[in-house]
Amino acid sequence: MRLVILENAEAVADFACEYFVGQLKRQPKSVLGLATGSSPVALYQRLIQANQKGEVSFDQVTSFNLDEYIGLAGDHPQSYRYFMNDKLFDHVNIDQAKTHVPNGAAEDPNAECARYEAAIAEAGGIDLQLLGIGVNGHIGFNEPLSSLASRTRVKTLTKSTIEANSRYFDADEFQPTDAITTGIGTILDAKEVMLLATGPNKAEAVRGCVEGPVSAACPASALQLHQHAVVVVDEDAASLLSMKEYAQWAEQRHIELEGA
Ligand SMILES: N[C@@H]1[C@@H](O)[C@H](O)[C@@H](COP(=O)(O)O)O[C@@H]1O
């Protein structure tokens, strides 16, 4: 695992933007796995700026999002389809028909899971998967106890996740308790994975992901099994890591040996 520890959230977003721009320049037809939540927003803002300055193009990109709430149609302001259109897709030259988010309003969510998993395979698999991480170590909506071999399926959210995401819902409105999420196995099939985490509230989850045992108790720890996982964190999110010093030295050597 490549662990990149940077000064602050701005530096994390800058690093991730350079990484994604590099991916799209090398491979304009990339299939990108995208994430929601607050962590990727600064990255998306930078990608919009780069696209509008002509530094990168999304015109041949296909995207698949990790997850979607069950019970929210794509035009609901709290749906992940709405989030992605608002935070990225409406502002870059991506073909909307090639952006994929699970259908949270599907009549048969299980059939939708099978369709979505097949669509990823049909696209040739994901080249670069972006992840955030929940405070309980979830990735996508793969909550603790998720099988580390899981595929796209329906998952019930933990109280911790519902609580963490309740900030996006009014007290009197329906808040989903279940979601469609690509699985840990789906995520591990990506050619590359980049996880972003910032802030002290992610320090415990990052420790579990990077230094903890590979365990369903911390689904993000499955990234230790991936050959090309890059975890990019700020100092606060890295604050509980015992291997910080080595990670920073190894990253410096990585840059000297292989370039950024
Ligand atoms: N399904 C999403 C995850 O994909 C995201 O990583 C997590 C953390 O979000 P944030 O980055 O806002 O902490 O929130 C939700 O649970």
Side-chain angles (χ1 to χ4, degrees), residues 8-10 12-13 15-16 32-46 63-72 74 76-84 86-88 100-104 109 113 116 120 126 128-146 150 152-169 175-184 186-188 190 193-210 218-223 229-234 236-238:
N8 54 39
E10 293 296 297
V12 167
F15 182 97
L32 300 180
L34 298 178
T36 58
S38 57
S39 300
V41 171
L43 162 60
Y44 293 157
Q45 288 168 345
R46 284 160 174 75
S63 72
F64 287 90
N65 262 79
L66 284 162
D67 44 16
E68 178 59 279
Y69 288 114
I70 288 179
L72 298 187
H76 186 293
Q78 296 313 322
S79 71
Y80 284 175
R81 164 55 78 181
Y82 188 98
F83 175 99
M84 290 305 302
D86 180 49
K87 300 295 184 200
L88 184 64
H100 304 280
V101 180
N103 176 6
C113 292
Y116 200 75
I120 294 171
I126 289 169
L128 177 55
Q129 174 68 60
L130 175 66
L131 296 173
I133 187 170
V135 293
N136 64 356
H138 75 240
I139 44 179
F141 271 131
N142 292 285
E143 296 281 34
L145 306 189
S146 287
S150 52
T152 304
R153 71 211 182 290
V154 172
K155 279 299 283 184
T156 296
L157 309 183
T158 61
K159 294 276 187 284
S160 152
T161 296
I162 293 169
E163 172 58 33
N165 291 348
S166 63
R167 67 189 190 269
Y168 299 117
F169 296 88
Q175 182 178 348
T177 55
D178 307 282
I180 292 174
T181 182
T182 55
I184 306 278
T186 320
I187 290 167
L188 291 178
V193 181
M194 173 171 279
L195 185 148
L196 308 182
T198 59
N201 67 323
K202 297 296 175 71
E204 184 51 44
V206 166
R207 174 167 59 175
C209 169
V210 173
C218 177
S221 65
L223 295 192
V230 186
V231 174
V232 191
V233 296
D234 67 0
D236 285 339

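All ligand and atom numbering here is 1-based and tracks the order in the structure. Note: hydrogens, waters and symmetry copies are ignored here, and every other heavy atom, side chains too, is used.
The single protein non-hydrogen atom nearest to atom 14 (O) of ligand 1 is His138 NE2, 3.9 Å, given as residue, atom name and distance. Of all protein heavy atoms, the one lying nearest to atom 9 (O) of ligand 1 is Gly37 CA, 3.8 Å. Among protein heavy atoms, atom 13 (O) of ligand 1 sits closest to Lys202 NZ, 2.5 Å. The protein non-hydrogen atom at the shortest distance from atom 11 (O) of ligand 1 is Ser39 OG, 2.6 Å. With hydrogens left out, the protein atom closest to atom 8 (C) of ligand 1 is Ile133 O, 3.6 Å, a heavy atom.
Between Phe83 and Tyr44, the two ring planes are perpendicular [angle over 60°; tilted spans 30° to 60°]. Note on ring orientation: taking the six-membered ring where Trp is involved, the planes of His76 and Phe169 are tilted (angle from 30° to 60°).
Counting atoms of ligand 1 from 1 in the listed order, those under 4.0 Å from a heavy atom of Asn165 are 15 (C), 16 (O). Less than 4.0 angstrom separates some heavy atom of Gly132 from each of these atoms of ligand 1: 6 (O). For ligand 1, the atoms lying closer than 4.0 Å to a non-hydrogen atom of Phe141 are 1 (N), 15 (C), 16 (O). For ligand 1, the atoms lying closer than 4.0 Å to a non-hydrogen atom of Asp67 are 1 (N), 2 (C), 4 (O). Distances below 4.0 Å separate heavy atoms of Arg167 from the following atoms of ligand 1: 12 (O). Near Tyr80, meaning under 4.0 Å from one of its heavy atoms, ligand 1 places the atoms 1 (N), 2 (C), 15 (C).
Looking at Glu68 against ligand 1, nothing comes within 4.0 Å, counting heavy atoms.
Annotation for Tyr82 and Pro77: closest pair CD2-O, 3.4 Å, computed over non-hydrogen atoms. Listed here is the closest heavy atom pair of Ile139 and Pro219: CD1-O, 3.9 Å.
Judged by distance alone, the side chain of Ser150 and the main-chain N or O of Ile184 form a donor-acceptor pair under 3.5 Å. Of the possible polar contacts, none joining the Lys155 side chain to the Glu143 backbone as a donor-acceptor pair under 3.5 Å is found. Judged purely by atom type and a 3.5 angstrom limit, Gln129 has no side-chain atom pairing as donor or acceptor with the backbone of Ala190. The backbone N or O of Gly74 sits less than 3.5 Å from a side-chain atom of Ser79, completing a donor-acceptor pair. Judged purely by atom type and a 3.5 angstrom limit, Tyr80 has no side-chain atom pairing as donor or acceptor with the backbone of Pro102. For the pair Asp234 (side chain) and Gly199 (backbone), a donor-acceptor distance under 3.5 Å is present.
At least one heavy atom of Gly140 sits less than 4.0 Å from an atom of ligand 1.
Nearest-heavy-atom check against atom 10 (P) of ligand 1 across Ala205, Ser38, Ala179 picks out Ser38. Looking at Thr36, Val135, Leu196, Leu34, it is Thr36 that brings a heavy atom closest to atom 5 (C) of ligand 1.
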